[in-house]
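Numbers restart at 1 for each chain; the letters A, B, ... are given by sequence-line order, proteins then strands. Predicted, not measured: the structure shown is a model, and the values here were computed from it.
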Number of protein chains: 2
Amino acid sequence: MADGRAPTGIGGENLLFLTDEQLRQGSEAMFFAYRGFTADPDRILMDLAYGRAHHRAIHFINRAPGTTVNNLLNILGVTKQSLNRVLRTLIADGLVESKVGRNDKRERHLHLTDAGKALERQLSDAQRARLRAAYREAGPEAVAGFRKVLEAMMDPEMRASYARLRETGG
Amino acid sequence: MADGRAPTGIGGENLLFLTDEQLRQGSEAMFFAYRGFTADPDRILMDLAYGRAHHRAIHFINRAPGTTVNNLLNILGVTKQSLNRVLRTLIADGLVESKVGRNDKRERHLHLTDAGKALERQLSDAQRARLRAAYREAGPEAVAGFRKVLEAMMDPEMRASYARLRETGG
DNA sequence: ATATTACGTCAGCCTTGTTGACACTCCAAG
DNA sequence: CTTGGAGTGTCAACAAGGCTGACGTAATAT
């Protein structure tokens, strides 16, 4: 199975395209595409002395305004120390606001300030432009397949996070 | 255009699906999927005190045996100092061999040793397993679309590297 | 003969991840 | 009311893996 040959039998249900070579090409496509995917925001962030970690925080705070630190931790999959370092600078720079919870006062609810929203817009505009161009080039059916495969590649918990964001956001 | 509304006009050529919200979901799909994509190899590498950088080097040396350092540098998009650190440990550990070029003796041609090939096999098996499962779940047409969009997302140079690897390798 | 290319390496810096430990606030349960 | 635990913030120390700058060496190209 891992010998690089195409499957020989006739009865493989849809398996004809799953040669090792094609799977390898899929890996490489992911690698190169992800580079492109992050390139544009990275350029913007560089000038601001921020990194990809800041972008991720801003993105998901914008996506789920009022989210708690713990929730964000789960989505991002990093330690609270790591997130806190990023969050601290964003708060200090006036891009993110942290409000004590009304219901449970231990929790902090995170929001973007106007400045934060402006940066988010700038970053996501850049990223969306690339995605939009790619979508347009590939066509609608390709986009559906793209999303389908990506979703199938996720870990189950990530898939749940993704689905949850989709419900509330779109 | 960046206001989150769906395009209103009738004549948008294939633009109906390109709402900001759907583009945003595409970004998130990329983010979560890439995490899944790297998760399995990462687990294997952790035990060996290697990281993702080692994986990438091993992958592309296996893919293009005899490649030069400079060529690998271009594919990976890192500095030679960064690559050298990784390469040095791989050579010291007997996973990679560096041979002086016959034609141009300044060049070093990189190959995997048997041990290197074994590790490459282990890593790519893990990654392929996930990709294969995702492909199977999503179906053949989805896979075609997946590849099409990913390729369209790449920077032009990366697209060239990707195409070159595809020619020689598959 | 000289300039350039390909490579290796040292030193130092940054971001972003990690663990471990500790403090504080607050909710919930006994 | 006390106590346990959850949610958060923070300090310290460390590692991986990027980066720049500088220098050296061998071999090719001009």
Side-chain angles (χ1 to χ4, degrees), chain A residues 31 34-35 38-39 41-61 66-93 96-111, chain B residues 31 34-35 38-39 41-61 66-93 96-111:
Chain A
F31 172 68
Y34 200 76
R35 282 256 291 278
T38 56
D42 280 357
R43 262 189 292 274
I44 296 172
L45 291 159
M46 187 137 51
D47 299 335
L48 303 173
Y50 290 144
R52 222 172 270 181
H54 300 84
H55 182 191
R56 290 195 286 263
I58 288 175
H59 175 97
F60 286 109
I61 292 173
T67 187
T68 65
V69 173
N70 235 350
N71 184 29
L72 199 51
L73 241 36
N74 290 329
I75 289 177
L76 295 176
V78 298
T79 59
K80 66 171 179 172
Q81 293 90 329
S82 230
L83 175 59
N84 189 255
R85 179 168 37 199
V86 166
L87 232 37
R88 211 186 315 168
T89 73
L90 290 176
I91 292 171
D93 294 351
V96 168
E97 228 177 355
S98 166
K99 293 179 188 164
V100 172
R102 286 199 321 161
N103 223 350
D104 184 335
K105 292 179 187 166
R106 291 170 303 177
E107 296 180 340
R108 301 300 139 88
H109 297 278
L110 304 169
H111 300 265
Chain B
F31 172 68
Y34 200 76
R35 284 255 291 277
T38 56
D42 280 356
R43 262 188 292 275
I44 296 172
L45 291 159
M46 188 136 53
D47 300 335
L48 302 173
Y50 290 144
R52 223 172 271 180
H54 300 84
H55 183 191
R56 289 195 286 264
I58 288 175
H59 175 97
F60 285 109
I61 292 173
T67 187
T68 65
V69 173
N70 236 349
N71 184 28
L72 198 51
L73 241 36
N74 289 330
I75 289 178
L76 294 175
V78 297
T79 60
K80 66 171 179 172
Q81 294 91 328
S82 240
L83 175 59
N84 189 255
R85 178 168 38 199
V86 165
L87 232 37
R88 210 185 318 169
T89 73
L90 290 177
I91 291 171
D93 294 352
V96 168
E97 228 177 354
S98 168
K99 294 180 189 163
V100 172
R102 284 200 322 163
N103 222 347
D104 185 335
K105 291 179 189 166
R106 291 170 303 178
E107 295 180 338
R108 301 299 138 89
H109 298 278
L110 303 170
H111 299 266

Under the 3.5 Å rule, do the base of dA6(D) and the side chain of Arg106(A) count as making a donor-acceptor pair? yes
Please determine, for the side chain of Glu107(A), which listed nucleotide (dC7(C), dT10(D), dG7(D)) has the closest atom? dG7(D)
Phosphate contact (dG9(D) OP1 or OP2) by Arg88(A) side-chain N/O below 4.0 Å: no
Between dT5(C) and Asn70(B), is there an OP1 or OP2 to side-chain N/O distance shorter than 4.0 Å? no
Leu73(B) CG - dG8(C) C1' separation (whole Å): 12 Å
Distance col, row Thr68(B):OG1 vs Leu73(B):CG, nearest 0.5 angstrom, shows 8.5 Å
With B for base contact, S for sugar-phosphate-only contact and - for none (protein heavy atoms under 4.0 Å), nucleotides 13-23 of chain C reads ---BBBBBB--
Kindly point out which of dT9(C), dG7(D), dA26(D) is positioned nearest to the side chain of Asn84(B)? dT9(C)
Evaluate Asp93(B) against Thr89(B) for side chain to side chain donor-acceptor pair (under 3.5 Å), listing each step before the verdict. CA-CA 6 Å; Asp93(B) 294 352; Thr89(B) 73; 5.0 Å; no
The salt bridge (charged side-chain N to carboxylate O under 4.0 Å, His left out) partner of Asp104(B) among Arg102(B), Arg106(B), Arg108(B) is Arg106(B)
Distance in angstrom units between Asp42(A) CG and dG18(D) P, rounded: 13 Å
Hey, could you give me the CD1/CG distance between Ile61(B) and Leu87(B), rounded to the nearest 0.5 Å? 5.5 Å
Taking any heavy-atom pair under 4.0 Å as a contact, classify Asn103(A): base, sugar-phosphate, or nothing. sugar-phosphate
Can you measure His55(B) atom NE2 to dA16(D) atom P for me and round it to whole angstrom units? 18 Å
Whole angstrom is fine here: how far is it from CG in Leu72(A) over to C1' in dT8(D)? 13 Å
Should the ring pair Phe31(B) and Phe60(A) be called parallel, tilted or perpendicular, given that the plane angle runs from 0 to 90° and is split at 30 and 60? tilted
Could you check whether any side-chain N or O of Arg52(A) sits under 3.5 Å from a backbone N or O of Leu45(A), counting only pairs where one atom can act as donor and the other as acceptor? no
Rounded distance in Å - CG (Asp104(B)) to P (dT4(C)): 17 Å
Distance in angstrom units between Met46(B) CE and dG17(D) P, rounded: 12 Å
Hey, does the side chain of Thr38(B) reach the backbone of Arg35(B) with a donor-acceptor pair shorter than 3.5 angstrom? yes
